[in-house]
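Sequence lines set the chain letters: A, B, ... in the order given, protein chains first and strands last, and positions in each chain run from 1. Values in this document were obtained by computation on a predicted structure and should not be read as measured data.
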2 protein chains.
Amino acid sequence: MSSTGESVTEGKGRLSELDIEAIEMFINFFKLIGLPKSVGEIYGLLFVATRPLAMDDLMERLQISLGAASQGLKLLRAVGAVKVVYTPGERRDRYVADLELSRFASSFIKEELRPRLERSLQRIERMEGLAEAMSPKERKAAFERIDRLKHWMEKGQKMMPWILKFLVR
Amino acid sequence: MSSTGESVTEGKGRLSELDIEAIEMFINFFKLIGLPKSVGEIYGLLFVATRPLAMDDLMERLQISLGAASQGLKLLRAVGAVKVVYTPGERRDRYVADLELSRFASSFIKEELRPRLERSLQRIERMEGLAEAMSPKERKAAFERIDRLKHWMEKGQKMMPWILKFLVR
DNA sequence: CATTTGATTCAATAAAAAATGAAATGAATG
DNA sequence: CATTCATTTCATTTTTTATTGAATCAAATG
């Protein structure tokens, strides 16, 4: 094996410099959207791997615990970023990274962003209810602020499908 | 004062139900982009307020510490979400929320997202350097993965100006 | 230019989030 | 159907992040 070239991706060795660079990229990216380091590591290693990896591989190569590996995979599966590969005649599952960003992003939007927006819109309705009960003068000021909020939310809502469209392909 | 209507926004009272609803919205929103609760509270109260507030007001009404108020305002100012209002014949500064989402979002993209992407692209260059040093067989596999990464990054980079354009206005 | 008042900094503390690993669960094998 | 191996769960520990407030700094006032 050459000194830089030995990708842990093959065989059982340590992680190569290249692997580490790539994994760090994913750690950063996942942190950005609020996911823990271990999740980024797992996805990164799977992304970089040339074949499906089992949980043991992840634990050994990333030096993470059983629990972290299991929970990280659970999350990544739930979000569609990682797929299970059933190998016939093999007891344990193996995992691969889904390379299509779009699926991942769209599930992030569907499961994280959209519900939040919806809760916000409900909240605005409740606020409008509260404002109704105010004196005319107060009501006017209240509705001004509520309308500003609404404006924000609607903008956000309009934008999301577009981002999705852009990502998907 | 009516029971629901007394907005702390005016005078020195407690926060009204309406104020609290609005502030909670901002806490959620700010959490989404990884900012602490206190920052969301501050922006929320300023958003909801009908006139500029001083640091004391924030501390008193939100029940946060001196440090939290100062640091939160510092961050919000840096990011363009809050402006200082100098009142002539007034010793302390007063603050208002900048209501234009666009400015805020664009500074977030400029200061958080874009630098990250740039670092990622640099990282990819480094990775290409590492891959050059590999055996032909390994190099091929490495470049395959690197190209996948590049694809992601370029997509992200292309999308950002568009999102900005959508937000600004 | 001494004093007062408002704002910032930062070391200490509190709170929240993530990681660990032992125990429970589930499922394949002989 | 007992055993073994893989995975999940979850109470505990560790790490990270946010908050506090005393000490410092800055700048306006008299």
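- With sequence neighbours left out, A/Tyr95 forms a ring pair (Phe, Tyr, Trp, His ring centres under 6.0 Å) with no residue at all.
- With sequence neighbours left out, the side-chain contact (heavy atoms from CB on, under 4.5 Å) criterion links B/Ala97 to B/Tyr43, B/Leu46, B/Phe47, B/Leu99.
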Which atoms of nucleotides 23-29 of chain C (N or O only) lie under 3.5 Å from a protein N or O atom, and what are those distances?
residue, atom, partner, partner atom, Å
C/dA28, N3, A/Arg91, NH2, 3.1

Atom pairs and distances, donor-acceptor, side-chain atoms in residues 73-86 of chain A, under 3.5 Å, two or more places apart:
none

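- Less than 4.0 Å separates DNA chain C from at least one heavy atom of each of the following residues of residues 24-43 of chain A: A/Pro36, A/Lys37, A/Ser38.
- Looking at residues 67-80 of chain A, you'll see A/Gly67, A/Ala68 sit with a heavy atom under 4.0 Å from some atom of DNA chain C.
- Note on the helix from C/dC1-D/dG30 to C/dG30-D/dC1: terminal axis deviation equals 20°, with five pairs used at each end and the result rounded to 10°.
- Take A/Ser120 and apply the side-chain contact (heavy atoms from CB on, under 4.5 Å) test, not counting sequence neighbours, and it matches A/Met153, B/Met25.
- Heavy-atom contacts of chain B under 4.0 Å fall on DNA chain D between two terminal nucleotides, which in 5' to 3' order are D/dA18 to D/dT29.
- Every salt bridge (charged side-chain N to carboxylate O under 4.0 Å, His left out) that B/Glu144 has, sequence neighbours left out, goes to B/Lys140.
- For A/Glu125, the salt bridge (charged side-chain N to carboxylate O under 4.0 Å, His left out) test picks out no residue, with sequence neighbours left out.
- Under the salt bridge (charged side-chain N to carboxylate O under 4.0 Å, His left out) criterion, B/Glu24 pairs with A/Arg123, sequence neighbours left out.
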